[in-house]
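Input: a single structure, listed below in structure tokens.
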Amino acid sequence: MRDLLIGIDIGSTNIRCAVYDTAGRLVSLASCGSERAMSKETWGFGEDELPDTVIGLCNEAIAQIEDTYHIHGMAVACIGCGAMVIGHDGKLIHLKGDYKAQARAFFDAISLREVFNITGYPPNHDNLAFRMGAHTGAEIFGMGAHIGAEIAAVLSIADYVAFRLTGEKSREYSTACSMGLWDNRNREWWKDLFNAAGADTTKMGEVVNSGTLVGEVLPYISDTSRIPRGTKVYTGGHDYLCSSFAANGHNNQVIVNIVGTYEIMASFHDKPWQREPGNTDPIRPLVDNHVLPGKYSYQIEVYGAGQTEWLRNKVFAADAAQWGDCFAQLEQRDFTAPSTELFIPHLFGQIVPSVNMDAKGAYLFLTDKTDRISLLMATIEGLCYKSREMLDAQRKVAALDFTLKMVGGGSKSRAWVQAKADILNIPVHVPNIKEATALGAAMLAGVGAGVYSDYIEAMQAIARLGEEVFEPRKVIAEQYEEIYHYQYLTCALLGDKLRKHKITNI
């Protein structure tokens, strides 16, 4: 009989259900686009659409298992800042009421540094606490189902799925702390914020560690699906932190680079990083609570592989097969020098090295020899130049002798990983794991179920799968070094030129 764990990854682009053995090897996988779980009314994750999608993917993944098996448990990972607000009957509430003036007044009276040092996040005028307070005081009735209903609980997306699977409410640390509502100093909901908003912290729930038992899958779900009766559900966590857990990211000697729709670079510490008075560094980091209890993440993110998806959808108009063929051709080309073409990766604005959402992207130095694969490689290189800026910021807090580990969709392309090693001019380690976020969630279920004695043993079990190391190529790395500095000089000069003509800068 095979001992198995299930990890569910709810992302902004895709949702996956993956089944693993206890050594971390992928047994089966089912996935779909996240749009399947969206409500047509709100364009957010739907009350029934989301749990129905997850259960359907579990059915598909479990159906692929050929041997007899025992599922020790399952856990859910999700994008961090989303919230599902439910009433006393368990149904979703759509918050109403005017909150913006109150939120603005609160954040105008406090410094950016203080907000960051308390929460690890920048101020957010769309803050959930103020929305909750406005909803509670609005008494809006008769305008549709659950508009104006009393708030019973606020759950993360992952915790909501666990609630729908088990009927039990839980609130996990890493997702709870990613909403800009958590006081890292006192490890509690930020009381001053909730008091100013007129919102009740008890609605947020008691926060527990990842890998904590939520409950068993409800009998009626097991009776109508392939999920066995008695299957236990454990708290998962923030998706990138689950990925980092699977990649053995647990101290400042490891920097984990997750390359998905968003690209994240994170290091891990024993206490939340604080911005000192007078620090004028324009980099906007975020500080999160890790899925490892007592650990914190210092992370920087940019819009990453979503820019290659833009290229696929808006320029190439390629279907999945054509897109796969583009990457296959990319791997076959012998890139022994940097691309002639240059990509400025600001299609969706700029976050690093400073925030400028009016920034624009550009392709430069195109010739009659430029083709699809040239554009794809230039796009990847542009993203890797941005990765270097993120790494430069991480060097300020990470250990001098660190290891960079790369996971996510971008790590599946050898050309992408090699370009990153060359542009960063350091070795890039790619763990031999599949679907890192789902694996991290499955491992957390394993910790809760006692498959692993603790979090460290779980990481050690996965580390035994090994990794591949991509070394920088000296001559090419030196050429990339020149282009890296030239790229942003070009960007600055172009920006000045465009501003003189009253055109939004790139």
[X] to [Y] six-membered ring, cation-pi geometry met (6.0 Å, 45°):
X	Y	answer
R25	Y20	no
R414	F470	no
R395	F402	no

salt_bridge(K100, D126) N-O dist < 4.0 Å =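 No, K100 and D126 are not salt-bridged.
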Could you tell me how the ring of Y363 sits relative to the ring of W310: parallel (under 30°), tilted (30 to 60°) or perpendicular (over 60°)?
->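 Y363 and W310: parallel rings.
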Does [X] use its side chain to pair, donor to acceptor, with the backbone of [Y] at less than 3.5 Å?
X	Y	value
N279	R275	no
S34	T13	yes
K386	V302	no
E381	S339	yes
S174	H238	yes
Y160	E47	yes
T235	N209	yes

Close aromatic pair by centroid cut-off 6.0 Å: [X] and [Y]:
X	Y	value
F194	W190	no
H290	F268	yes
W182	Y296	no
F348	Y303	yes

Apply the ring pair (Phe, Tyr, Trp, His ring centres under 6.0 Å) test between F116 and each candidate in F107, W273, Y298; give the one that qualifies.
->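 Exactly one pass, corresponding to W273.
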Shortest non-hydrogen separation from S243 to V407 and the atoms involved =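 Shortest heavy-atom contact: CB-CG2, 4.2 Å.
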Roughly how far, to the nearest 0.5 Å, is CG of L57 from CG of L29?
->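 Rounded to the nearest 0.5 Å, the CG-CG separation comes out at 9.0 Å.
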Under the side chain to side chain donor-acceptor pair (under 3.5 Å) rule, collect the residues that match up with R473, sequence neighbours excluded.
->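 If we apply the side chain to side chain donor-acceptor pair (under 3.5 Å) test to R473, skipping adjacent residues, the hits are D422.
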